[in-house]
Peer 1: 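Take this structure, written in structure tokens, and hold onto it; I'll ask about it next.
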Amino acid sequence: MKKTRWRGLLAAAMMTLALAACGGNESAGSKPSNSSATNYPTKPITIVAPSGAGGGWDLTARAITKVLDESGLVKQTMIVENKPGGGGAVFMAEYATQEAKNDYKLFVNSPPIIINNLKKEGNSPFGYKDTTPLAQLTKDFGAIVVKADSKFQTLTQLLDAIKQDPKSVTVAGGSAPGSMDHLVAILPIYKAGIDPKSIKYVSYDGGGEAMAALLGGNADVIATDASSVGEYLKAGKVRVLAVSAPERLDGVLKDVPTMKELDIDAEFTIWRGIFGPKDMSREAKAFWEETLKKLSEHEKWKEELQKQGWEAEYRNSDEFTKFLQEQEQQVGDLLKSLGMYK
């Protein structure tokens, strides 16, 4: 009887210890993790536009925060902060070195996050690999544009003229040499076997100034965003020779051929997406992946896309990261062809 009682007491004691151990493990490990996942976000969130007010990054950041708030997908206050300087390079240096663990500061960007990191002049040591890519949300494409009364009726005619005398054609864009408009401009030239370094490229401070130069006769052709030329095309002021899309676009640009249609194996997507810090917590990343997918499907976001004239293209974190790797290769090749690779 004593032995049986002793065994019973021992079994009870061991069960108590086991339960205590389980409780201790939950307290030390899984419970806080689950709590963080449930509670994030617990304070206001900042989305940075690494540019001044009114530009594409600023409009994108404000559209995202507006829809997330109006749809109730994010309950916390969301703030848009403008951080201009160096085409986003100034902000990236600060973000990568000082905000690497800040789950409450995100930012929007586009191909310059790759271009600035790869080009030789004005190079940024930081790029998308110093972030957590969260989602691509929109897409645009490059457009090769001339005045409505230009002697160049087609992209083929333009390329033939450049082949015969590269300096006879003034190409312009709204960004610095080696930046996005310049790369869009030389993409069909490079693919046509012409040395991009022989091209006369003039940079302006923004697409609006580049368009003014074209209409004023100070440039023969400009490279710009396809979404920005619709009004000029409808007004009969310009002719769009080609777009860098994989297939023809809708709307006012529906009759414009793609570069591929013209036997030029060239395609370039001008995407916009949202990024978090490199060392973002798993809880925050999971929250944003789920929330941004819901945003991409929400009617209010679709209304905002239509209002802004943007095309939807959603890629989740893994898909977006893979796409960025592919575009990094393309941008690198173009910069090398210009002798502007770091």
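These numbers come from the heavy atoms of this one structure, side chains and all, not from hydrogens, waters or symmetry mates. No experiment lies behind these values; they were computed from the predicted model shown.
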Peer 1: Do you know which two heavy atoms are closest between T97 and F126, and how far apart they sit?
Peer 2: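 For T97 versus F126, the nearest heavy atoms are CG2-CZ, 3.6 Å.
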Peer 1: Is any side-chain heavy atom of I270 closer than 4.5 Å to one of K139?
Peer 2: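 Sidechains of I270 and K139: no contact.
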Peer 1: So, the side chain of T42 versus the backbone of N39: is there a donor-acceptor pair under 3.5 Å, distance only?
Peer 2: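 No, because the side chain of T42 does not come within donor-acceptor range (under 3.5 Å) of the backbone of N39.
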Peer 1: Indicate yes or no for a side-chain donor-acceptor contact from K167 to the backbone of S198 under 3.5 Å, with no hydrogens or angles considered.
Peer 2: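 A pair under 3.5 Å: yes.
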Peer 1: Residues in side chain to side chain contact (heavy atoms under 4.5 Å, CB included) with L305, at least two apart?
Peer 2: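 L305: side chain to side chain contact (heavy atoms under 4.5 Å, CB included) contacts with T138, W301, W310, A312.
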Peer 1: Does N116 use its side chain to pair, donor to acceptor, with the backbone of P112 at less than 3.5 Å?
Peer 2: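 Yes, because the side chain of N116 sits within donor-acceptor range (under 3.5 Å) of the backbone of P112.
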Peer 1: Just verifying a value: how many Å separate D140 CG and E313 CD, rounded to the nearest 0.5 Å?
Peer 2: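 Rounded to the nearest 0.5 Å, the CG-CD separation comes out at 11.5 Å.
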Peer 1: Flag this pair as yes if the NZ/CZ of K105 is under 6.0 angstrom from the six-membered ring centre of Y95 and inside a 45 degree cone about the axis; otherwise no.
Peer 2: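 No, K105 does not lie over the aromatic ring of Y95.
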Peer 1: Would you list the atom pairs, donor with acceptor, under 3.5 Å between side chains in residues 333-342 and any protein atom, with sequence neighbours excluded?
Peer 2:
unit_1, atom_1, unit_2, atom_2, d
D333, OD1, Q329, NE2, 3.2
S337, OG, L334, O, 2.6
K342, NZ, N117, O, 3.1

Peer 1: Would you say D103 and S281 are linked by a side-chain donor-acceptor pair, where the criterion is simply a distance under 3.5 Å?
Peer 2: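 Side chains of S281 and D103: pair found under 3.5 Å.
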Peer 1: Do M92 and T131 pass the side chain to side chain contact (heavy atoms under 4.5 Å, CB included) test, and can you show the C-alpha distance, the side-chain angles, and the key distance before you say yes or no?
Peer 2: CA-CA 9 Å; M92 271 304 301; T131 75; 4.0 Å; yes
Peer 1: Do V80 and D58 come close enough that some side-chain heavy atom pair is under 4.5 Å?
Peer 2: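 The answer is yes; the side chains approach within 4.5 Å.
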Peer 1: Can you tell whether the side chains of E303 and K300 come within less than 4.0 Å, N to carboxylate O?
Peer 2: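 No, no charged N to carboxylate O under 4.0 Å.
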Peer 1: Who passes ring-ring contact (aromatic ring centres under 6.0 Å, His included) against F141, sequence neighbours left out?
Peer 2: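 F141: no ring-ring contact (aromatic ring centres under 6.0 Å, His included) contacts found.
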Peer 1: What are the two closest non-hydrogen atoms of F268 and L187, and how far apart are they?
Peer 2: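 Heavy atoms of F268 and L187 come nearest at CB-CD2, 3.8 Å.
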Peer 1: If we only count heavy atoms from C-beta on, is the V145 to L241 side-chain gap below 4.5 Å?
Peer 2: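 No, side chains not in contact.
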Peer 1: Considering non-hydrogen atoms only, spot the tightest contact between A61 and I47 and give its length.
Peer 2: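 Of all heavy-atom pairs spanning A61 and I47, the closest is CB-CG2, 3.9 Å.
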Peer 1: Report yes if some heavy atom in the side chain of D265 is under 4.5 Å from a heavy atom in the side chain of M259; otherwise report no.
Peer 2: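 No - every pair of side-chain heavy atoms lies 4.5 Å or more apart.
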Peer 1: Looking at residues at least two apart in the chain, or sitting in another chain, which of them share a side chain to side chain contact (heavy atoms under 4.5 Å, CB included) with A223?
Peer 2: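 Partners of A223 under the side chain to side chain contact (heavy atoms under 4.5 Å, CB included) test: I144, V184, A185.
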Peer 1: For the residue pair P111 and Q327, establish whether any side-chain heavy-atom pair is separated by less than 4.5 Å.
Peer 2: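 Yes, at least one pair of side-chain atoms sits under 4.5 Å.
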Peer 1: Salt bridge or not between D318 and K322? Use side-chain N to carboxylate O under 4.0 Å.
Peer 2: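 No, this pair does not count.
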Peer 1: Give the table of side-chain donor-acceptor pairs shorter than 3.5 Å for residues 151-160, with sequence neighbours excluded, one pair per line with atom names and distance.
Peer 2:
unit_1, atom_1, unit_2, atom_2, d
T154, OG1, Q157, N, 3.1
Q157, OE1, Q153, N, 2.7

Peer 1: Identify whether the distance between the nearest side-chain nitrogen and carboxylate oxygen of E289 and K293 falls below 4.0 Å.
Peer 2: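 Answer for the salt bridge query: no.
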Peer 1: Counting only heavy atoms not in E326 (residues, nucleotides, ligands), do more than 12 fall under 6.0 Å from its CD?
Peer 2: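 Yes - once you tally the heavy atoms of other residues, nucleotides and ligands closer than 6.0 Å, there are more than 12.
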Peer 1: Taking C-beta and beyond as the side chain, do K43 and Y104 meet within less than 4.5 Å on heavy atoms?
Peer 2: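 A side-chain contact under 4.5 Å exists here.
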Peer 1: Give a yes or no on whether a salt bridge exists between K83 and E81, defined as a side-chain N under 4.0 angstrom from a carboxylate O.
Peer 2: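 Result for this pair is yes, salt bridge flagged.
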Peer 1: Looking at L106 and P277, what are the two nearest heavy atoms and their distance?
Peer 2: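 Looking at all heavy atoms of both residues, the shortest contact is CD2-CD, 4.4 Å.
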Peer 1: Looking at F320, is R315 sitting on its ring face, NZ or CZ under 6.0 Å from the six-membered ring centre and within 45 degrees of the normal?
Peer 2: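 No, R315 does not sit over the ring of F320.
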Peer 1: Should we count CG of D263 as having more than 12 external heavy atoms under 6.0 Å?
Peer 2: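 Atom CG in D263 is not packed in, count stays at 12 or less.
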Peer 1: Answer yes or no: is there a side-chain heavy-atom contact under 4.5 Å between Q136 and N316?
Peer 2: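 Side chain of Q136 against side chain of N316, heavy atoms only: no contact under 4.5 Å found.
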Peer 1: Using every non-hydrogen atom in the two residues, find where A266 and K191 come nearest and quote the distance to one decimal.
Peer 2: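 Smallest heavy-atom distance, with atoms named: CB-CG, 3.9 Å.
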Peer 1: Test: side chain to side chain donor-acceptor pair (under 3.5 Å). Region: residues 246-258. Which pairs qualify, not counting sequence neighbours?
Peer 2: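 Counting only pairs at least two positions apart or across chains, the side chain to side chain donor-acceptor pair (under 3.5 Å) contacts touching residues 246-258 are R248-E261.
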Peer 1: Tell me whether K294 is salt-bridged to E297, with the criterion being a basic N under 4.0 Å from an acidic carboxylate O.
Peer 2: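 Judged by the 4.0 Å cut-off on N to carboxylate O distance, K294 and E297 do not form a salt bridge.
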Peer 1: I want to check something: taking the side chain as every heavy atom from C-beta on, are F107 and I274 in contact at a cut-off of under 4.5 Å?
Peer 2: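 They are not in side-chain contact.
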